[in-house]
Amino acid sequence: MSNKENMKKIILLSISILSLSSCVTLPETGQKKLLLTSVDQENQMGTEGYKEVLTKSKLANKLPAYNVLQRVGSRIAAVTGQSDFKWEYNLIEDKQLNAWCMPGGKIAVYTGILPMMKTEAGMAAVLGHEVAHATLRHSGQRMTQQLGTQMVLGLAGMSLNNSPYQKELMAAMGAGATVGFILPYGRSHETEADMIGLKYMAEAGYDPREALEFWKRFAKVTEGGAPPEFLSTHPGGATRIRNIQKQMKTMTKVYQQAAQQHGAGENL
Ligand SMILES: [Zn+2]
């Protein structure tokens, strides 16, 4: 095929994909976003990506923190109202300060971040935030915005494992340093995930003040040496803490109205 024919084919494909994809209104924020990927596509990639990471990782599912993770994870999952997610929660033996949730509700927590989480509620703060990235379809938005149409075209009819963009896709889904390719979230995505994550945490019955404590501990890490992986993809800072503080009154009310109050929960 000549280059000209190739180009024509790519343009036609782009147009058909653009017409198939639509401006989606996200229920959590009411915002309209253009997404080149469908929920099904994102969830399928999330499932494949998750399997890939798990086969390459050492699981730490015999630790007591694993049981805590199941409990916190399912409580957060329950308040999201995501019926098309097939939730899974795994603890990975790894010193990285890292945690993420891939599309479709595929959660991983690394043992390295447990001391920083400190309590069950600290874990709820991180999971709430990561789950919010997934329910707000930030990975789909990242694939659309940052990696562009060409990548989505490369995806058409292709599984994640055969895609030449596998690493980029995994990074867009949140696996970050795990695949050796850091793709940080933008500030607006971070703020959204903070706000919705805080709401999830409070609705799940965890004291939202513990989120503030977690992000303070997290910000302190920046003071010494190289930033950990979680920090490379999740910028910290005073603005984040101030924004969370502003929500505290509202979120305390949400927490008090939750079916059960677990406070800070168990220590990790
Ligand atoms: Zn984030």
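Indexing begins at 1, ligand by ligand and atom by atom, following the structure's order. Reckoned from all heavy atoms, side chains included, excluding hydrogens, waters and symmetry mates. Treat the numbers as computed from the prediction; the structure is a model and nothing was measured.
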Considering only N, O or S atoms, which atom of H133 is nearest to the Zn ion (ligand 1)? NE2
If only side-chain N and O atoms count, and only distance matters, is there a donor-acceptor pair under 3.5 Å linking E192 with H133? no
Can you find a side-chain donor-acceptor pair between E120 and H262 that sits under 3.5 Å? no
Any N/O/S atom from H189 (main chain or side chain) under 2.8 Å of the Zn ion (ligand 1)? no
Within the stated cut-off of 2.8 Å, is an N/O/S atom of E130 closer than that to the Zn ion (ligand 1)? no
Electrostatic pair E266:R71 at N-O distance under 4.0 angstrom: yes
Within rounding of 10°, what is the angle whose vertex is the Zn ion (ligand 1) and whose arms end at OE2 of E190 and NE2 of H129? 120°
Kindly assign one of parallel, tilted or perpendicular to the pair F218 and W215, based on the angle between their ring planes and the thresholds 30° and 60°. perpendicular
